[in-house]
Amino acid sequence: MRKSALNAVHQLAQQDERVVFVGSDLGAGTLEPMREEMPERFFMEGISEQHIIGMAAGLAMEGYIPYVNTIATFLTRRCLEQIAVDLCMHNLPVRLIGNGGGVVYAPLGPTHTATEDIALMRVLPEMTVIAPCDADEIKRLMPQTLEWPGPLYIRLAKGGDEIVSQAEAGSTIGEALLMREPGRVLLLSTGIMTQRALQAAELLAAKGINTGVLHCHTVKPLDIKQLLALLSGIELLVTLEEHTLAGGFGSSVIELLSDSLQPLPPVLRMGLPDRYNGGYGSQNHLLTSAGLDAVDIARQVAQRINGDAPA
Amino acid sequence: MDRRSRDLRRRVVDAIAGERRGHLGPACSLIEIVRTLYDEYLHFRPDEPNWPLRDRAILSKGHGCLALYAILADKGFFPLADLPTFCAPESYLGGHPEAEKIPGVEASTGALGHGLSIGVGMALAARLGGGDHRVVVVTGDGELNEGSVWEAAMSAAKHQLDNLTLLVDYNKLQSYGPVHEVLGLEPLLDKWRAFGFGVAEVNGHSVDDLRRLYASLPLESGRPSAIICHTVKGKGIGYAESAPEWHHKARISDDELAALYQAIEEAP
């Protein structure tokens with residue numbers, strides 16, 4: 001997914017002279033073809049994340065469209081003020097590409113996992129937040145980032161994630177993608193939780209619980225219109241995210257549904273607990289520990305639907 | 001102190017007179033720095049504030065904005081009559097400058113340690129676009145406590161941005177107390193030199209010395225320039241000079257206001 005996103009930056013730079021790339025201290029050889037072809041628009045500035053946000057702001061004020069790339073948590077946690085003041089207050093077209101959203105960096109521990117990034121970014125005025133589900137989808141979304149107004153946070157997953165998006169369905173920033181028609185249950189997912197949502201929906205269907213999946217690659221602005229249109233007959237709405245439950249995707253769904261003043265079904269929010277991840281292992285390992293593998297998602301949903309969930 | 005420096009300081013007090021508040025000390029240390037910039041060095045068009053060929057100036061120490069407002073109004077970017085609306089509810093002249101609201105303000109500042117990075121981006125953009133305009137960033141001394149300043153310094157040197165100049169308003173006093181006690185900066189000139197800048201220091205209240213230095217920019221070819229401007233906080237207002245309580249002042253009385261105007265007229 002990261003390779004697809006960065007290759008797309010190179011392609012966009014070939015099409016449009018305003019595009020520049022700004023990295024921190026990325027892996028050796030990152031975007032080497034772009035560096036060779038257009039060294040003047042390729043900046044690798046070292047482990048100075050606060051600085052590269054401000055530098056990107058200065059470039060954007062002068063008409064350039066900077067794509068900034070580093071590890072998701074260092075972009076969002078460390079640079080919150082630079083992003084708020086330099087990018088959002090000036091409403092500049094800087095694109096932040098965060099590697100390893102969620103618990104991709106599980107083996108490296110909680111300093112490196114981005115489990116609050118969606119919450120931090122979505123509360124900033126002017127900011128758009130997207131979390132694609134797979135490498136094909138990011139390829140479809142990246143061209144749209146060129147002319148997107150204002151700052152944009154792109155949360156990337158690990159890479160090699162199962163491809164579940166379909167070219168014919170398209171992916172448009174700001175529009176949620178209905179990947180499975182809802183029955184009694186509707187799962188709302190973002191990022192790679194969509195893969196798990198689809199698997200869980202299969203398991204639930206096998207138990208006679210028809211379950212839909214709405215993939216929200218755009219967390220902000222959330223496609224509340226489509227969501228509201230799908231609510232009739234829904235007995236349980238479930239939000240799924242690779243993020244702590246505090247302030248993330250599920251929180252934004254509840255906020256917007258509540259603001260809509262429509263009668264709402266019960267909402268079950270599933271995500272990471274409100275603590276820094278203990279233990280290492282893998283992304284899968286941590287997601288499973290948090291009850292976010294497909295089998296566990298299906299089990300919890302079935303319990304709720306059958307009315308025998310623990311209080 | 002000549003008439004022009006007195007008049008610009010009077011305008012700072014005019015601005016304060018409206019809502020009876022503001023960062024007086026940090027503005028008065030800046031007057032000659034911004035005066036010489038806008039009188040002698042920068043190219044700009046007040047009636048076309050976004051003229052592409054203009055030089056870019058960023059006041060990274062946003063709390064010193066009263067000095068910036070005084071000179072921008074003086075140059076005709078906005079009416080002098082608007083100065084007393086400073087910090088009023090519907091005013092566009094806030095306690096820290098906002099780029100979207102004020103003609104002539106390039107970047108919204110006030111959160112410290114941001115300006116030099118933005119300046120690096122602008123200087124890179126000038127080079128990319130083939131422009132020969134210049135970029136100037138003015139920071140405070142206390143502001144140099146921020147680590148992001150030094151990240152930006154490394155980047156400016158790496159890119160050999162000799163179209164970028166940093167002016168440090170070194171008035172030796174930050175909010176809590178003397179800079180050398182709160183978080184000392186010395187040897188400050190050596191630090192900038194070590195970070196790859198061409199360096200100079202100057203009496204930041206000497207119009208002649210500032211003018212001469214600006215004329216020699218860049219100080220070294222292929223290097224960004226750093227000029228340490230030795231200044232006095234509250235300069236020109238005797239009893240407020242180097243007085244921490246005049247860093248930021250609210251609820252200024254009629255008597256205090258009259259005393260401020262009088263002190264400016266009597267400044268040596």
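To find a chain, count down the sequence lines: A is the first, B the second, and so on, and within it residues start at 1.
Interface remark: A:V22 contributes no atoms to any contact with chain B (heavy atom separation under 4.5 Å). Heavy atoms closer than 4.5 Å to chain B are found in the backbone of A:E49, but not in its side chain. Contacts of A:M89 with chain B are made by both backbone and side-chain atoms, with heavy-atom separations under 4.5 Å.
Below 30°, between 30° and 60°, or above 60°: for B:H159 and A:F43 the angle between ring planes is above 60°, a perpendicular geometry. A tilted orientation is assigned to the rings of B:F77 and B:F44, their planes being inclined by 30° to 60°. The aromatic rings of A:H112 and A:F74 sit perpendicular, their planes meeting at an angle over 60°, well past the 30° parallel limit.
Chosen from A:R41, A:E17, A:E45, the residue pairing most often with chain B at heavy-atom distances under 4.5 Å is A:E45. For chain A, the option among B:M122, B:H114, B:M154 with the highest count of heavy-atom pairs below 4.5 Å is B:H114. Looking only at heavy-atom pairs under 4.5 Å with chain A, the residue among B:L128, B:T109, B:V135 that has the most is B:L128. Ranked by heavy-atom pairs shorter than 4.5 Å toward chain A, the options B:G110, B:G115, B:A111, B:A99 are led by B:A111. Heavy-atom pairs under 4.5 Å with chain B were tallied for A:A84, A:G46, A:A60, A:G54; the largest tally goes to A:G54. Among the candidates B:S155, B:S148, B:P52, the residue making the largest number of heavy-atom pairs closer than 4.5 Å to chain A is B:S155.
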**Asked** Passes salt bridge (charged side-chain N to carboxylate O under 4.0 Å, His left out), A:E241 versus A:R155? Steps please.
**Response** CA-CA 12 Å; A:E241 62 193 304; A:R155 184 199 223 215; over 6 Å; no
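Here the two rings, on A:Y67 and A:F21, have centers that are 6.0 Å apart or farther.
For B:R127 and A:E62, the salt-bridge test fails: no basic side-chain N is under 4.0 Å from an acidic carboxylate O.
A donor-acceptor pair shorter than 3.5 Å cannot be found between the side chains of B:Y69 and B:D82.
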